[in-house]
Number of protein chains: 2
Amino acid sequence: MITNKNCIIRLSRYKNALYRLQALGFVKVFSDNLADAVGGTASQVRKDFSIFGISGNKKGGYQIDSLLEKLNSILGKDQLHKVIVIGAGHIGSALMRYRGFEKEGIRIVAGFDIDPAKINRSNPVPVLSLEEVKSFIKSNGIRIAILAVPDIAAQSAADLICSSGIKGVLNFAPLRLKNAEGCIINNVNLEIELENLIYFMNVTEKTK
Amino acid sequence: MITNKNCIIRLSRYKNALYRLQALGFVKVFSDNLADAVGGTASQVRKDFSIFGISGNKKGGYQIDSLLEKLNSILGKDQLHKVIVIGAGHIGSALMRYRGFEKEGIRIVAGFDIDPAKINRSNPVPVLSLEEVKSFIKSNGIRIAILAVPDIAAQSAADLICSSGIKGVLNFAPLRLKNAEGCIINNVNLEIELENLIYFMNVTEKTK
DNA sequence: TTATTATTGTGAAAAATAGAACAATATGAT
DNA sequence: ATCATATTGTTCTATTTTTCACAATAATAA
Ligand SMILES: NC(=O)c1ccc[n+]([C@@H]2O[C@H](COP(=O)([O-])OP(=O)(O)OC[C@H]3O[C@@H](n4cnc5c(N)ncnc54)[C@H](O)[C@@H]3O)[C@@H](O)[C@H]2O)c1
Ligand SMILES: NC(=O)c1ccc[n+]([C@@H]2O[C@H](COP(=O)([O-])OP(=O)(O)OC[C@H]3O[C@@H](n4cnc5c(N)ncnc54)[C@H](O)[C@@H]3O)[C@@H](O)[C@H]2O)c1
């Protein structure tokens, strides 16, 4: 089993680059084209493919369409993923209004909030009461949730949705959540992203 | 020079955990407490500290206050960082309204948009015209920008701000930007984050 | 004071990841 | 039909990152 997160991120990048190349009319691609496109080495591209049993043609490179098919299958993109958002505040609303996920086969189907003032059943993405979340998850077979509630509420919200059948959570609250058995929690911590950027800005500055 | 991004992210996590412990009244901490708090191993905590010349006391652990001082200094948190946001749309507005950055010494001082309808000089965080961005960066000594414009506009916006003196960019547009010499661009790609989550959900499901 | 214990700091080992090298081979040229 | 060339697939090598292990030593107890 591949546990290398960076490797999987590269697969996503290859896939995105391939769509761009395809849109430009290209039919085949070489490992060094892909390396250029995502900022890696040709050797790593081939190694990544080799790990997943993807092969091309000696001297002929890779057929973009069949390569995309394989990558999409590995990345689970051969099906639509329904996602819910917990917390319809600033971040939650921005995500619910974002139309860019659809083209990736990711559809935000509903938001949930504890504040009655946030509830709106007639939105393009309806915002429902948190009390309905359990039954919504079960009856719609939802497996993925984005957590965008205040820090203080994040753990209890995570517990609630995981016990309702959610298998993967993308958490925006800047704290480490205890994850329930069988549920993966990934974090998007923007404070830390900025701190990281600042660190590397400072060291490159000093080195120069 | 340390180029290990994960290591720097861990330093941020240690720092955050230390503030929580401090708030709970703790004065000293051991490597295994920190390991528990951030989800790592005690020896990695000590190794991370050792890399940066941070030392504690044999049998006595680490003094939280002096440890925080050192981590904060490494992470550049002994000064306020002024940040601008380019693109006052969904994501940009959410970030500008977010009050959680202040406690991290990160202050969003202005937003910029190309759409006159988005301009609002009386907001708590004013939204100005993109035409003003160059002079704003120079006269306020801004070094960091968050890029939250549509994909199609991202490269030209990045070029503009980097040539105006920005040294670090946190980019939300889901594409790889060519970075100008002397300017670091880090990406927050939520599509890829979700894809990654889906991949690992699927493999753990299959393995189980 | 001396012994015991807990914890650090770090060098060495192991594991994971990336990169280089090159044989194998398909393609296109002559 | 043969040769030259370009590109893959994979093995081998190098680098990076993590973990282990334990001597050094400070704190505490006897
Ligand atoms: N807004 C940002 O730019 C930003 C940046 C970084 C991190 N974050 C983090 O993202 C999270 C959300 O931030 P935000 O700015 O959107 O906050 P927000 O206050 O705007 O929105 C939070 C929403 O969650 C709802 N809520 C509270 N408890 C709930 C519960 N138990 N179940 C469901 N809904 C609940 C609130 O009613 C509110 O609508 C926070 O943890 C914050 O730290 C936000
Ligand atoms: N909203 C989300 O949840 C989300 C999620 C993932 C990625 N993103 C990415 O973040 C970026 C912004 O998304 P959004 O939803 O906030 O878009 P948006 O359309 O709501 O906002 C973009 C803003 O940028 C402004 N703009 C356009 N060109 C500009 C320029 N050259 N300079 C300055 N401002 C300019 C527009 O006027 C608009 O106000 C996009 O690249 C998007 O793909 C957004």
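Note that these values count all heavy atoms, side chains included, but never hydrogens, waters or copies made by symmetry. Chain letters run A, B, ... following the sequence lines, proteins first and then strands; every chain starts at 1.
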Undergrad: Using a cut-off of 4.0 Å on non-hydrogen atoms, how would the nucleic acid contact of B/Y62 be classed: base, sugar-phosphate, or nothing?
TA: sugar-phosphate
Undergrad: Distance check: side-chain N/O of B/S50 vs OP1/OP2 of C/dT10, anything under 4.0 Å?
TA: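 Yes, within the criterion.
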Undergrad: Does A/T41 reach a base, just sugar-phosphate, or nothing at all? Heavy atoms under 4.0 Å.
TA: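 Touches sugar-phosphate only.
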Undergrad: Do A/Q155 side-chain atoms and A/K178 backbone N/O form a donor-acceptor pair below 3.5 Å?
TA: yes
Undergrad: Using ring-ring contact (aromatic ring centres under 6.0 Å, His included) as the criterion, point out the one residue from A/Y19, A/Y62, A/F49, A/F52 that pairs with A/Y14.
TA: A/F49
Undergrad: Does any N or O in the side chain of A/S12 come within less than 3.5 Å of the main-chain N or O of B/I192, such that one atom is a donor and the other an acceptor?
TA: no
Undergrad: Between the side chain of A/D113 and the main-chain N/O of A/D115, is any donor-acceptor distance below 3.5 Å?
TA: yes
Undergrad: Could one point to a donor on the side chain of A/K47 or the base of D/dT10 with an acceptor on the other under 3.5 Å away?
TA: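 No, the side chain and the base share no sub-3.5 Å donor-acceptor pair.
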Undergrad: Under 4.0 angstrom, heavy atoms only, what part of the nucleic acid is B/N4 near: base, sugar-phosphate, or nothing?
TA: sugar-phosphate
Undergrad: B/I54 CD1 to C/dT10 C1': how many Å, rounded?
TA: 15 Å
Undergrad: Give a yes or no answer on whether the side chain of B/N33 reaches the backbone of B/V29 with a donor-acceptor pair at less than 3.5 Å.
TA: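 The answer is no, because no donor-acceptor pair under 3.5 Å joins these two groups.
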Undergrad: Taking CD from B/Q63 and P from C/dT8, how many angstroms apart are they, rounded to a whole number?
TA: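 It works out to 12 Å between those atoms.
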Undergrad: At their closest point, which heavy atom of B/I91 faces which heavy atom of A/A94, and how far apart are they?
TA: N-CB, 4.2 Å
Undergrad: Distance check: side-chain N/O of B/R46 vs OP1/OP2 of D/dT19, anything under 4.0 Å?
TA: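 No, B/R46 has no side-chain N/O under 4.0 Å of OP1/OP2 on D/dT19.
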Undergrad: Nearest-Å distance, CG (A/N6) to C1' (C/dA18)?
TA: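 Checked: the CG to C1' distance equals 11 Å.
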Undergrad: Take the protein atom CZ of B/F49 and the nucleotide atom C1' of C/dT8, then report the distance between them rounded to whole Å.
TA: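 Rounded to whole Å, this separation is 12 Å.
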Undergrad: Just by modelled atom types, is the B/G100 backbone N or O under 3.5 Å from a matching donor or acceptor in the B/K103 side chain?
TA: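 Yes: the side chain of B/K103 pairs with the backbone of B/G100.
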Undergrad: Whole angstroms only, please: what is the NZ-C1' distance between B/K5 and D/dT16?
TA: 17 Å
Undergrad: Specify the separation, in whole Å, of atom CD1 of B/I8 and atom C1' of D/dT17.
TA: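 It works out to 13 Å between those atoms.
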Undergrad: Anything under 3.5 Å between a protein N or O and an N or O of nucleotides 27-30 of chain D, put it in a table, one pair a line.
TA:
from	atom 1	to	atom 2	distance (Å)
D/dA27	N3	B/K59	NZ	3.4

Undergrad: Counting only N and O atoms by type, is there a donor-acceptor contact under 3.5 Å from the side chain of B/N187 to the main-chain atoms of B/N189?
TA: no
Undergrad: Using the side-chain heavy atoms of B/Q44, tell me which of these nucleotides is nearest: D/dT19, C/dG19, C/dT7.
TA: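 Of the candidates, D/dT19 comes closest.
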Undergrad: Would you kindly compare A/D32 and B/D48 by the position of their nearest DNA chain D nucleotide and give the one closer to the 5′ end?
TA: A/D32
Undergrad: Whole angstroms only, please: what is the CD1-C1' distance between B/I2 and D/dT18?
TA: 16 Å
Undergrad: On the nucleotide C/dG9, are OP1 or OP2 found under 4.0 Å from the side-chain N or O atoms that B/S55 carries?
TA: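 Looking at the OP1 and OP2 atoms of C/dG9, one of them is under 4.0 Å from a side-chain N or O of B/S55.
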Undergrad: Does B/S31 make a side-chain N or O approach to OP1 or OP2 of C/dT8 shorter than 4.0 Å?
TA: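 For C/dT8, OP1/OP2 do have a side-chain N/O of B/S31 under 4.0 Å.
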Undergrad: Could you tell me the separation between the CE atom of B/M1 and the P atom of D/dT16, rounded to a whole number of Å?
TA: 12 Å
